[in-house]
Colleague: 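The structure follows.
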Amino acid sequence: MKLLFVLLSVFFLTTPVAHKDTPLEIDSQGNIIGLPEEFSPAKFDFDKKVLQIKNKIVVFPKCFHSYFGQNKNRMFLSASWYHSKKNMPYYLNFEIWGNQTHNSYQILIDLETLELIKINKQTSTENSLISKKIELSQNCLDAYQNGIRITY
């Protein structure tokens with residue numbers, strides 16, 4: 001019996017656990033609910049396309065606006081700040097579904113610097129989810145980077 005306990009303990013301690021993002025909410029004033037205090041205040045203004053995390057803001061340039069669409073009810077936020085930063089920084093994930101329910105955009109942003117990590121277009125089919133990285137123009141990337149500001 002002890003041997004079985006030891007073997008099961010070793011199995012569960014060495015088996016990797018799948019990482020899952022923490023879902024977030026945006027209240028009617030644009031406050032992002034669900035992040036830890038170290039990332040407060042956290043706000044997103046959907047109409048102006050402005051994100052604030054702690055003392056940094058980013059104004060999304062016009063080249064990003066089409067990814068957000070027109071319907072904020074089809075936008076979902078999640079984040080991860082409890083994993084090792086060795087492979088991936090702490091991040092905020094915008095998942096925005098278009099009018100076609102099979103397509104969405106995923107915008108990943110570094111929670112600490114607000115730098116863009118990547119944008120993907122995701123297409124779901126009956127049996128799979130296909131994710132393709134969107135390559136932005138240098139002008140768009142520069143406009144994004146220039147839109148990051150420290151507020152205090």
Colleague: Using distance alone, with no hydrogens and no angle criterion, decide if Asn103 and Thr123 have a side-chain donor and acceptor under 3.5 Å apart.
Modeller: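 Short answer, yes.
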Colleague: Answer yes when Glu112 and Lys85 have at least one side-chain N-carboxylate O distance shorter than 4.0 Å, and no when they do not.
Modeller: yes
Colleague: Is any side-chain heavy atom of Gln106 closer than 4.5 Å to a side-chain heavy atom of Tyr67?
Modeller: no
Colleague: Taking all atoms of both residues into account, what is the closest heavy-atom pair of Leu114 and Val58, and its distance?
Modeller: CD1-N, 3.8 Å
Colleague: If only atom types and distance count, is the side chain of Thr113 paired as donor or acceptor with the main-chain N or O of Glu115 below 3.5 Å?
Modeller: yes
Colleague: Testing the basics here: between Met88 and Leu108, what is the closest heavy-atom pair and its distance to 0.1 Å?
Modeller: CE-CD2, 3.2 Å
Colleague: State, to 0.1 Å, how close Gly34 and Leu24 come at their nearest heavy-atom pair, and which atoms those are.
Modeller: C-CD2, 3.5 Å
Colleague: Under a single-linkage definition using a 4.5 Å side-chain heavy-atom cutoff for Ile, Leu, Val, Met, Phe, Trp and Tyr, are Leu35 and Ile57 assigned to the same hydrophobic cluster?
Modeller: no
Colleague: Tell me yes or no: between the side chains of Tyr82 and Thr22, is some donor less than 3.5 Å from an acceptor?
Modeller: yes
Colleague: State, to 0.1 Å, how close Leu111 and Ser80 come at their nearest heavy-atom pair, and which atoms those are.
Modeller: CD1-O, 4.1 Å
Colleague: Rounded to the nearest 0.5 Å, how far apart are CD of Gln138 and CD of Gln145?
Modeller: 10.0 Å
Colleague: Is a side-chain donor-acceptor pair under 3.5 Å present for Ser131 with Asn120?
Modeller: yes
Colleague: Would you say the side chain of Glu135 lies within less than 4.5 Å of the side chain of Ile119, judging by non-hydrogen atoms?
Modeller: no
Colleague: Would the distance check show the side chain of Asn146 and the main-chain N or O of Asp142 forming a donor-acceptor pair, the cut-off being under 3.5 Å?
Modeller: yes
Colleague: Does Lys56 NZ have over 12 foreign heavy atoms under 6.0 Å away?
Modeller: yes
Colleague: Between Tyr152 and Lys54, is any pair of side-chain heavy atoms under 4.5 Å apart?
Modeller: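 Answer yes - side chains close enough.
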Colleague: If I compare all heavy atoms of Pro89 with all of Asp110, which pair ends up nearest, and what's the gap?
Modeller: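 Closest approach of Pro89 to Asp110: CB-OD2, 3.2 Å.
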Colleague: Please name all residues satisfying side chain to side chain donor-acceptor pair (under 3.5 Å) with Thr125, sequence neighbours left out, ordered by chain then number.
Modeller: Ser128
Colleague: Are Leu92 and Leu136 connected in the hydrophobic side-chain network, where two residues link if heavy atoms are under 4.5 Å apart?
Modeller: yes
Colleague: Membership question, hydrophobic clusters at under 4.5 Å side-chain separation (ILVMFWY): are Phe76 and Ile33 in the same one?
Modeller: no
Colleague: Evaluate the criterion side-chain contact (heavy atoms from CB on, under 4.5 Å) for residue pair Tyr91 and Ile117; output intermediate values, then yes/no.
Modeller: CA-CA 8 Å; Tyr91 61 84; Ile117 297 171; 3.8 Å; yes
Colleague: Holding to ring pair (Phe, Tyr, Trp, His ring centres under 6.0 Å), I want the full list of residues that pass it with Tyr144, two or more places apart in sequence or in another chain.
Modeller: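 In terms of ring pair (Phe, Tyr, Trp, His ring centres under 6.0 Å), with neighbours along the sequence ignored, Tyr144 is linked to Phe60, Phe64.
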Colleague: Please find the pair of heavy atoms, one from Pro61 and one from Cys140, that lie closest to each other, and give the distance.
Modeller: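 What the structure gives for the nearest pair is CG-O, 4.2 Å.
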Colleague: Indicate the ring-plane relationship of Tyr90 and Phe39, choosing parallel, tilted or perpendicular according to the 30° and 60° boundaries.
Modeller: perpendicular
Colleague: Would Ile107 and Asn93 satisfy side-chain contact (heavy atoms from CB on, under 4.5 Å), going step by step from the backbone distance to the final call?
Modeller: CA-CA 6 Å; Ile107 302 173; Asn93 179 33; 5.9 Å; no
Colleague: Rounded to the nearest 0.5 Å, what separates atom CD1 in Ile96 from atom CG in Leu77?
Modeller: 8.5 Å
Colleague: Do Tyr105 and Ile130 belong together in a cluster built from hydrophobic side chains that touch within less than 4.5 Å?
Modeller: no
Colleague: Please say whether the positively charged group of Lys49, taken as NZ for Lys or CZ for Arg, lies over the ring of Phe46, i.e. under 6.0 angstrom from the six-membered ring centre and within 45 degrees of the axis.
Modeller: yes
Colleague: So how far is it from Ile32 CD1 to Gln52 CD, rounded to the nearest 0.5 Å?
Modeller: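 Between Ile32 CD1 and Gln52 CD, I get 9.0 Å after rounding to 0.5 Å.
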Colleague: Please determine whether residues Trp81 and Leu51 belong to a single hydrophobic cluster, defined as Ile, Leu, Val, Met, Phe, Trp and Tyr linked transitively by side-chain heavy-atom distances below 4.5 Å.
Modeller: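 The answer is yes; both residues are in one hydrophobic cluster.
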Colleague: Side-chain contact, heavy-atom cut-off 4.5 Å: Met75 with Glu95?
Modeller: no
Colleague: Check the pair Phe44, Phe68 against ring-ring contact (aromatic ring centres under 6.0 Å, His included), reporting the backbone distance first and the verdict last.
Modeller: CA-CA 12 Å; Phe44 181 67; Phe68 285 100; 5.6 Å; yes
